[in-house]
J.: 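Dropping a structure here in structure tokens format, bear with me for questions.
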There are 2 protein chains.
Amino acid sequence: MTKVIIDDVAAEAGVSIKTVSRVMNREPNVRPATRQKVEEAAKRLGYRPNASARGLAGNRSYLIALLYDSPSAAYLTNLQSGVLAATQAENYGMVLQPCQYDDPHLADKILTTIRDARLDGVVLTPPLSDHRGLIDSLVDAGIPHVIVSPPATYMETSGGLCVYVDDKAAAQEMTAYILGTGLTRIAFIKGTPTHGAALQRFDGYKDALKAAGLDLDPELVKQGYFDFESGVKAAEELLALPQPPSAIFASNDEMAAGVLHVAHERGLKVPDDVSVVGFDDTPLSRQIWPALTTVRQPIRQMGGCAARMLISRIRQSGDAASTALPYELVIRHSTGGPK
Amino acid sequence: MTKVIIDDVAAEAGVSIKTVSRVMNREPNVRPATRQKVEEAAKRLGYRPNASARGLAGNRSYLIALLYDSPSAAYLTNLQSGVLAATQAENYGMVLQPCQYDDPHLADKILTTIRDARLDGVVLTPPLSDHRGLIDSLVDAGIPHVIVSPPATYMETSGGLCVYVDDKAAAQEMTAYILGTGLTRIAFIKGTPTHGAALQRFDGYKDALKAAGLDLDPELVKQGYFDFESGVKAAEELLALPQPPSAIFASNDEMAAGVLHVAHERGLKVPDDVSVVGFDDTPLSRQIWPALTTVRQPIRQMGGCAARMLISRIRQSGDAASTALPYELVIRHSTGGPK
DNA sequence: CTGAAAGCGCTTACAG
DNA sequence: CTGAAAGCGCTTACAG
């Protein structure tokens, strides 16, 4: 119960406190035998480094911030939980930083916050992942950062660290699945245009049509904004067409929920009259009726991966590289064919 | 850009650093004029206290922890956002602490975490709000804490700090509303039995029936556990009854979503064949079809209130008292009557 | 109501 | 690969 400090561990291991410090911070240049001796002593004593002392002496916080602007609650909590777990395993802490994408001074404010709180690095999440001004400021200021679901152009033009899912391949595969159920008149509801993933999903849809030898019918493509309301609006237009689609692929679950809403109001049976597909596999997709066919992204793992990459970059361990994580098609009851 | 420290503020205000410290920590015994002088100097210089230095010198973290065990994502993010805002306004920080209700060593683990991280206090959220062992440990160890939605018995028997909504009155009012639409055969799906709010909601339902001169029909009351699945199960039993209910009041939105699911599968029209009501006003309640009539709790405000009460208790400012926040009936399309 | 001194437990340079 | 000294920016006692 009585608190254990670095001197205790040093005494127990028979080394100086500086060596204990090296081990706790995973610094190189410690003999394996010494490292092990220190780790055992720390464990035996139940030593936990004092975060405040570390922060004060090192002029930094050992904290990373999760930057977000009102994503869906499910997305945020999953990502958060992944970041938190990874962060604690590395003797780091996580703080939450709500942001406003539209704030013209966003980049300045964030930089100030980072300096004031001596934050070690930040994780950017959609839609902030698309905020070029913010990203550029971070790069210019030399702030370590990792981007979750970056814009397509960013991935190609920079050496920045990113975590993502191959949205294009996922959308292509899902479109192919729908085609496989015998439906060819497939509508698509696009996501927010500035969001990289939105573009990729649309590309995947187009590629699948092309691969099947089908032409893209422009009247079957509607602009949405990743929210329920825009899904409703797009669905109303689509289902009022003289020749309505036999399937609607919405770029995310919330818009798909909007589509279901409109289908129900019009007395349409899903999937008999129209198939509906989403993207994300949020809890919502299981709770609406019928349960939604969708694409699962491993959000929690993406958070963990982002945190580990960021910390490794902060420590200059230098073996961090952008990572693509696997997606998965989840076939439920809003589409025909085998479940 | 160059960092401002307490000495700079002291010099600017013409006082000692100790006085600046008093002002920043809202301590008493500072002449108003002096306080103002310091506050102006701090503002002019853009002074932000160094959290690490405060923590090290004070042997505490100026951090409060939000303790939770997998509540709904919407609930967590809302509460979190309220706590975060209040906390920052008071020069405190917030950390997240996931817990496992069923862990037999939960109380010990939490106490250890609190000591290791020198946490100043904790906010308990459902279902941890009902964990007597945890609460007792916190009380015994003298750890400042605030309970969100406490068990009914706790409120009456202890001087503990709580934030809550009058669940009983809300459920009573909602039941009365359903009765007002002309329906009398109203079923009720209870929530997790150990959860105080679950009991209160059931009490409110019973009181409303009694006030209307109606007898409680035991076969119309089902046990649920605040999750989608248990809502499905309860609804299946209810709707298979020889004389099914004309309305179903689920103790939360997720269970209500389960009820809608079953109703749709059975080809029942909502609200024509059966009215459905939830509790919480999560985003889900707007995204399912038809949009759900429910009760809104001001979750975000509850978080802010809890944080302010906790910090005031930590500072021994001593004017904190348990607080009831207002609820609101949200009438949408899953019930008959005027919208 | 206000202040001068000591010290919290680490990391940073620097040395070897 | 390892260590001795200094100091980070606050708060805590203690004084007056």
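Throughout, protein chains are lettered first and strands after them, A, B, ... in sequence-line order, and every chain is numbered starting at 1. Bear in mind the structure is a predicted one, so any value in this text is a computation, not a measurement.
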J.: Can you check whether B/Tyr47 has a side-chain N or O nearer than 4.0 Å to OP1 or OP2 of D/dG9?
T.: no

J.: For DNA chain D, whose closest nucleotide is more 5', that of A/Val30 or that of A/Ile17?
T.: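 The residue mapped nearer the 5' terminus is A/Val30.
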
J.: With the side chain of A/Arg60 defined as its heavy atoms from C-beta on, choose the nearest nucleotide among C/dT12, D/dT2, C/dG3.
T.: C/dT12

J.: Can you tell me how far C1' of C/dG3 sits from CD of B/Glu27, to the nearest Å?
T.: 13 Å

J.: Under the 3.5 Å rule, do the base of C/dT2 and the side chain of B/Arg22 count as making a donor-acceptor pair?
T.: yes

J.: Classify the nucleic acid contact of B/Ile5 as base, sugar-phosphate or nothing, counting any heavy atom under 4.0 Å across all strands shown.
T.: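 Here B/Ile5 touches the backbone only, sparing every base.
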
J.: Quick one: B/Arg54 CZ to D/dC8 C1', roughly how many Å, whole number?
T.: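 Interatomic distance, CZ of B/Arg54 to C1' of D/dC8: 16 Å.
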
J.: For the OG atom of A/Ser129 and the CG atom of A/Asp69, what is their distance to the nearest 0.5 Å?
T.: 11.0 Å

J.: Using heavy atoms to find the nearest nucleotide of DNA chain C for B/Ala53 and B/Arg31 separately, return the residue whose nucleotide is more 5′.
T.: B/Arg31

J.: Can you tell me how far OH of B/Tyr47 sits from CD1 of B/Ile5, rounded to the nearest 0.5 angstrom?
T.: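 The OH atom of B/Tyr47 is 8.5 Å from CD1 of B/Ile5, to the nearest 0.5 Å.
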
J.: If the threshold is 4.0 Å, N to carboxylate O, is there a salt bridge linking A/Glu90 and A/Arg308?
T.: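 Salt bridge between A/Glu90 and A/Arg308, a charged N being under 4.0 Å from a carboxylate O: no.
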
J.: Using OP1 and OP2 only, check whether a side-chain N or O of B/Ser16 sits under 4.0 Å from C/dT2.
T.: no

J.: Heavy atoms only, 4.0 Å cut-off, all strands: where does B/Asn59 land among base, sugar-phosphate and nothing?
T.: nothing

J.: Check B/Lys43, B/Lys37, B/Gln36 against B/Glu40 for a side chain to side chain donor-acceptor pair (under 3.5 Å) and give me the one that passes.
T.: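 The side chain to side chain donor-acceptor pair (under 3.5 Å) with B/Glu40 is passed solely by B/Gln36 among B/Lys43, B/Lys37, B/Gln36.
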
J.: Could you please name the partner base of D/dA13, counting Watson-Crick and G-U wobble pairs only when both distances are under 3.5 Å?
T.: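 Looking at the geometry, D/dA13 pairs with no nucleotide.
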
J.: Within the 4.0 Å heavy-atom criterion, would you say A/Ser52 contacts the bases, only the backbone, or no part of the nucleic acid?
T.: nothing

J.: Mind calculating the distance between CG (B/Asn91) and C1' (D/dG9) to the nearest angstrom?
T.: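 Roughly 15 Å, once rounded to whole Å.
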
J.: Atom CZ of B/Arg26 to atom C1' of C/dC1: distance rounded to whole Å?
T.: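 The answer, rounded to whole Å, is 19 Å.
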
J.: Counting only side-chain nitrogens and oxygens, does A/Ser21 get under 4.0 Å of the OP1 or OP2 atom of C/dC10?
T.: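 No, because none of the side-chain N or O atoms of A/Ser21 sits under 4.0 Å from OP1 or OP2 of C/dC10.
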
J.: Rounded to whole Å, please give me the gap between CD1 in B/Ile6 and C1' in C/dA4.
T.: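 Computing the B/Ile6:CD1 to C/dA4:C1' distance gives 14 Å.
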
J.: Which nucleotide sits closest to the side chain of B/Thr34: C/dC1, D/dG9, C/dC10?
T.: C/dC1

J.: Taking atom P of D/dC10 as reference, at what distance in whole Å does atom OH of B/Tyr62 sit?
T.: 11 Å

J.: Would you give the length of the straight line joining atom CE of A/Met302 to atom OG1 of A/Thr125, rounded to the nearest 0.5 angstrom?
T.: 10.5 Å

J.: Please tell me which of the listed nucleotides, C/dG9, D/dT11, D/dG3, lies nearest to the side chain of B/Ala57?
T.: D/dT11

J.: Nearest 0.5 Å, please: how far is OG in B/Ser81 from CD1 in B/Ile299?
T.: 11.0 Å

J.: With a 4.0 Å cut-off on heavy atoms, is B/Asp7 in touch with a base, just the backbone sugar-phosphate, or nothing at all?
T.: nothing

J.: Looking at D/dA4, which nucleotide sits across from it as a Watson-Crick or G-U wobble partner, both distances under 3.5 angstrom, or is there none?
T.: none

J.: Measure the distance from CG on A/Asn50 to C1' on C/dG9 and round it to the nearest whole Å.
T.: 6 Å

J.: To the nearest Å, give me how far apart CG (B/Asn25) and C1' (D/dT12) are.
T.: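 My rounded result for the distance is 12 Å.
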
